[in-house]
Amino acid sequence: MPELPEVEVSRLGIEPHVVGQRITAVKVHHPRLRWPIPESVHKLKGQVVVAIERRAKYLLLESAIGTLILHLGMSGSLRVVPVATERGKHDHFELVLSSEQCLRLNDPRRFGAVLWQEPDESELSLFSNLGPEPLTDDFSGELLYQRSRSRKSPVKTFIMDNANVVGVGNIYATEALFAAGVDPRRAAGRISRARYQLLAQHIKRVLARAIQQGGTSLRDFTRADGKPGYFKQELLVYGRTGQPCVNCATELKTVQLGQRRSVYCPDCQR
DNA sequence: AATGGGGCCTGATAGC
DNA sequence: TGCTATCAGGCCCCAT
């Protein structure tokens, strides 16, 4: 589910309910996510959440004594609900707040993660190889151009690699490549500077627009209040194999790149 | 160093 | 209706 926009929408959704609250209980219902949930997360009990940040697709709940790290994997979502609310089938982790509400992590496939970082701990290895945030000035077409020289993998695989730019998953990579008119199969190293500038621009635009629309809800994703995001209605190619291109009416095709399927217009994307 | 594939999981859907 | 196969938004790790 969650690519950068969905994670950011989650952050914005839970922030007003969680920041400033004291954690009155930490409940681990199913400790086996992508990695086992460490015992150290219980340190949060009694602490106040001072901020919620996002780095790539990780959410960082900061307290005076350390940071709780959340990742939503493929199927995770966060809800803020009254403590009395009955637990859902895949609610694996929760923080009970002094407001009598609680923050619950639901994740059917359990590809997500809950981790802990001490304040003085050196950066987690998870974060050490992350590229720039796409919505900041650290990310640019020039950077993509520089990093891609002599790379043979397809440009779609290249922009989905977190070392080059974070947060761009299958949906938004597919959409941005279409918007920029770039064939997803092309070797990353054989694309011009000008086209990377266009591509970077569209990556930024698509992500920002998706955040504005509350993210893309395919199956699992809902916002903190349980409502779906509306960006799905603006997807121009993702999930539309066999349908006509919105620009030229050519039939959209699918190709497998890496382990991911990619929809593209054979006419508009070159 | 770069690249490709496997694996972690459950659930929805398609096809028989 | 019920079975099986296929696919799904992420990302680490290993072999080549």
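Because only heavy atoms are used, hydrogens play no part in the values below, and waters and symmetry mates are left out as well, while side chains stay in. A, B, ... follow the sequence lines: proteins, then strands. Residue 1 opens every chain.
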Length of the [atom1]-[atom2] vector between [X] and [N], whole Å:
X        : N      : atom1 : atom2 : answer
A:Asp161 : B:dA2  : CG    : P     : 10 Å
A:Leu105 : C:dG10 : CG    : C1'   : 14 Å
A:Tyr172 : C:dG10 : OH    : P     : 10 Å
A:Met74  : B:dG6  : CE    : C1'   : 13 Å
A:Arg185 : B:dT3  : CZ    : P     : 18 Å
A:Asn164 : B:dT3  : CG    : P     : 10 Å
A:Ile69  : C:dG10 : CD1   : C1'   : 16 Å
A:Ile37  : B:dC9  : CD1   : P     : 13 Å

Nearest-angstrom distance, P atom, B:dA1 to C:dC11
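About 23 Å, rounded to a whole number of Å.
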On a whole-Å scale, what distance lies between the P atoms belonging to B:dG6 and C:dT6?
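That atom pair is separated by 14 Å.
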Salt-bridge test for A:Glu118 and A:Lys43: reply yes if a basic N is under 4.0 Å from a carboxylate O, no otherwise.
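Salt bridge flag = yes for A:Lys43 with A:Glu118.
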Between A:Glu6 and A:Lys57 (salt bridge meaning N to carboxylate O under 4.0 Å), is one present in this structure?
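No, this pair does not count.
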Which heavy atom in A:Glu94 sits nearest to a heavy atom in A:His29, and how many Å separate them?
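Heavy atoms only, the tightest pair is OE1-NE2, 2.7 Å.
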State, to 0.1 Å, how close A:Thr250 and A:Pro266 come at their nearest heavy-atom pair, and which atoms those are.
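Heavy-atom minimum between the residues: CG2-CD, 4.0 Å.
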Atom pairs under 3.5 Å, N or O on each side, protein against nucleotides 10-12 of chain B: can you list them with distances?
residue, atom, partner, partner atom, Å
B:dT10, OP1, A:Arg110, NH2, 3.3
B:dT10, O4', A:Pro108, O, 3.2
B:dT10, O3', A:His90, NE2, 3.3
B:dG11, OP1, A:Lys89, NZ, 3.0
B:dG11, OP1, A:His90, NE2, 2.5

So among [options], which one has a side-chain contact (heavy atoms from CB on, under 4.5 Å) with [X]?
X        : options                             : value
A:Asp91  : A:Arg104, A:His30, A:Arg79          : A:Arg104
A:Leu103 : A:Val80, A:Leu68, A:Val49, A:Ile23  : A:Val80
A:Leu115 : A:Leu70, A:Leu126, A:Ile37, A:Leu33 : A:Leu126

Is the aromatic ring centre of A:Phe111 closer than 5.5 Å to the centre of the six-membered base ring of B:dC9, with the two planes inclined by less than 30°?
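According to the criterion (under 5.5 Å, under 30°), no, A:Phe111 does not stack.
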Between A:Tyr238 and A:Phe231 (judged by ring centroids, cut-off 6.0 Å), do the two rings come close enough to count as a pair?
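No, they do not, as the ring centres are separated by 6.0 Å or more.
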Determine, using ring centers only, whether A:Tyr58 and A:Phe127 are less than 6.0 Å apart.
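Centroid separation for A:Phe127 and A:Tyr58: below 6.0 Å.
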Within the 4.0 Å limit for protein heavy atoms, which parts of nucleotides 11-16 of chain C are touched? Write it as a string from 5' to 3', B for base, S for sugar-phosphate only, - for none.
BB----
Touch check for A:Phe158, heavy atoms < 4.0 angstrom, all strands: base, sugar-phosphate only, or nothing?
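Nothing: the residue A:Phe158, judged by heavy atoms under 4.0 Å, touches no strand.
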Stem finding on DNA chain B, please: runs of three or more consecutive Watson-Crick or G-U wobble pairs, both distances under 3.5 Å, sorted by first number.
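DNA chain B forms these stems: B:2-8 with C:10-16, B:10-16 with C:2-8.
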Just wondering, are more than 12 heavy atoms of other shown residues or ligands nearer than 6.0 Å to CZ in A:Arg149?
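Yes.
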Sub-3.5 Å donor-acceptor pair from the side chain of A:Gln269 to the main-chain atoms of A:Asp183, do we have one?
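No, A:Gln269 side chain to A:Asp183 backbone: no donor-acceptor pair under 3.5 Å.
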For the pair A:Gln101 (side chain) and A:Val83 (backbone), establish whether a donor and an acceptor sit closer than 3.5 Å, ignoring hydrogens and angles.
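No, the answer is negative, given that no donor and acceptor are paired below the 3.5 Å cut-off.
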